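Just so you know, these numbers come straight off a predicted model, no measurement behind them. Numbered from 1 within each chain, the chains take letters A, B, ... in sequence-line order.
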Amino acid sequence: MTHATDNSIDSADGPGIQLRRAREARGMDIVDIAQELHLDTWIIEALEEDDFAALGAPVFAKGHMRQYGSLLGLPTDDLMIAYYRVRGRDDAPPAPITATMTRPAANRNVAWAAIVLAVIVLGGLAGLLWFMSDRPLVGGNTDEPEPAPAEVVPPPSFDPGLAVDAVLDLPADSGAADALQTGASEFPADTGDTAVDAADDSPATNTPPPLPVSGDTFELTLRFSDRSWVEVSDPGGRIIYGIFEAGSSRSVSAEAPVELYFGLVGAVEVVVNGQPYAVPASSIRGNTARFVIGN
Amino acid sequence: MLKNLKGYFSNDLSIDLGTANTLIYVRGRGIVLNEPSVVAIREESGRGSKSIQAVGAEAKNMLGRTPGNITAIRPLKDGVIADFVVTEKMLQYFIKRAHGSRYFRPSPRVLVCVPYGATEVERRAIRESAESAGARKVYLIQEPMAAAIGAGMPVHEARGSMVLDIGGGTSEVAVISLNGIVYAASVRVGGDRFDEAIINYVRRNYGILIGEATAERIKHEIGSAYPGEEVREISVKGRNLSEGVPRSFTLNSNEILEALQEPLQGIVGAVKGALEQTPPELGADVAERGIVLTGGGALLKDLDKLLMEETGLPVVVADDPLTCVARGGGRVLELMDEHGAAMFALD
């Protein structure tokens, strides 16, 4: 796994090494830095040794690191990528805001389930009542033959089989959103969730070109038409992470399966081995998308 | 009874009801709404009745650009409700959007973050407004506490943590230890005062009147709290007061720095006051680890440097400072079920 883009600092190094090298290149010692940042020297030493646990809560470790990097003129985004690589995902930054509303999957599914269930129960009761009330009217004789099956089916506008399937396939967790969005298209579309619905209406975008399979190494390129937060990981760990500006791009050699997480999916163009890759509509939630290539 | 039934279908919400922006955190889903706290109201000619024309970003775009029968207003001022009815309508709209259901009115448990300095009357207004907007149960939490939790500060430790939350209407500084506020102060200085200061500066020095939206744009693009090596410029348009016609002119970052001095000194004064009032043991903790900045005001360039120079203490900016209060409220909702509402002295 190699990074194809150029960085002003060696991104393979931990943040502490990058800070120490930059400090030494500027001929400053730890005491100078401590005075500039109003910190104790042991905090500077801990930062340079990647000993973040000594600094307490992550908010302080990250904050002091940004100040230190800024003082030395280092790009703080790259420093933070290195920080997260060392410290791991437990200390990930807050999720990006979805400026437009995302589909409230779990609640809507529960509401749908309740509505469908109520319709089925009411339909069943009505059918039963009709059946019970119909028998005496036919002849008042219990020996009369049973009514034809065609007479007891519910009205044609109602498809009980479909409704029952939808209910039975509906798990309680948010994964049910996928089932409803992709499979049960009989449900009315929600005009308020334009991002998701627009994607759902174009099934052609769900047919990606031949993809690498698990274990393959391939070239992944991300091009940004707007500012977006991105996280990309392969079995070796996180390979792209941070906020990228409009007009920039990032290329990496990655090993499948690769997990991608975009903050603003419309701003990111994905290219796999030189071929454009369409982000699966089912992975999109509002402005964000989370999906796997080469699973 | 009906509320409880609807509550089964509603997720808990944490609302940062701010002067400038309202953010909503939905439990289990994160922040789902971040909209300006602005409402546009249309007055029907002849009948005198009023209706909501737009809410949030759409209404903000109308600020200063409305015809006579439409008024774009900000129902919160200095962190508290200035127009109860409009706030209620705005909250109702935001809660419905956050919930997303078109089939029934949600009835969630709602935690609202209120300024530390809010009076009992102001707190009651916020509570009633949220209840009228459909909340099944309303909890209030002080903003500095929510901000500290959202920033990831170790508020539960027996160590002093100082947070400075700079919002649109107020700035709140607090020292927290063992899940409680040891000292806090609120000053009615925030992003709005920065905008006002820029408007006043331009009028005084250029004889030109600019609107709030232009002042905010100037602040975002070239605003700075501390002198930097790079001088940035911006070209803006406003109405020349003597000629009465629109004119274009250029401002630089040093001028904006000068314009912002008064509100910035208000914030610096509040921080220094808090440090004076903090017990020495906790003050020593703050001196070692530093002050954490949250809120949209923390995004003002070099504000951390200014505070560092003025106080002689380390200052750090939290991750995504704009959403700290709402995220902190969301975290409290989660902790509340585990430990009870008394843990964070919720109302």
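For Ile52(B), the side chain to side chain contact (heavy atoms under 4.5 Å, CB included) partners two or more places apart in sequence, or in a different chain, are Val39(B), Ile41(B), Val55(B), Lys89(B). Residues forming a side chain to side chain contact (heavy atoms under 4.5 Å, CB included) with Ala146(B) (at least two apart in sequence, or on another chain): Cys113(B), Ile141(B), Val325(B). Partners of Arg159(B) under the side chain to side chain contact (heavy atoms under 4.5 Å, CB included) rule, at least two apart in sequence or in another chain, are Glu157(B), Asp285(B), Glu288(B), Arg289(B).
The number of heavy-atom neighbours closer than 6.0 Å to CD of Glu309(B), taken from other residues, nucleotides and ligands shown, is above 12. Heavy-atom contacts from other residues, nucleotides or ligands closer than 6.0 Å to CZ of Arg26(A) number more than 12.
Shown here for Gln67(A) and Asp304(B), the closest heavy-atom pair between the two residues is NE2-OD2, 2.9 Å. Pairing each heavy atom of Phe60(A) with each of Pro154(B), the nearest pair is CE1-CD, 3.8 Å. When all heavy atoms of Val292(B) and Val59(A) are compared, the pair lying nearest together is CG1-CG2, 4.0 Å.
Contacts between residues 32-39 of chain A and chain B, defined by a heavy-atom separation under 4.5 Å, are made by Glu36(A), Leu37(A), His38(A), Leu39(A).
Paired with Val316(B) under the rule side chain to side chain contact (heavy atoms under 4.5 Å, CB included), one option of Lys62(A), Met65(A), Arg66(A), His64(A) passes, and it is His64(A).
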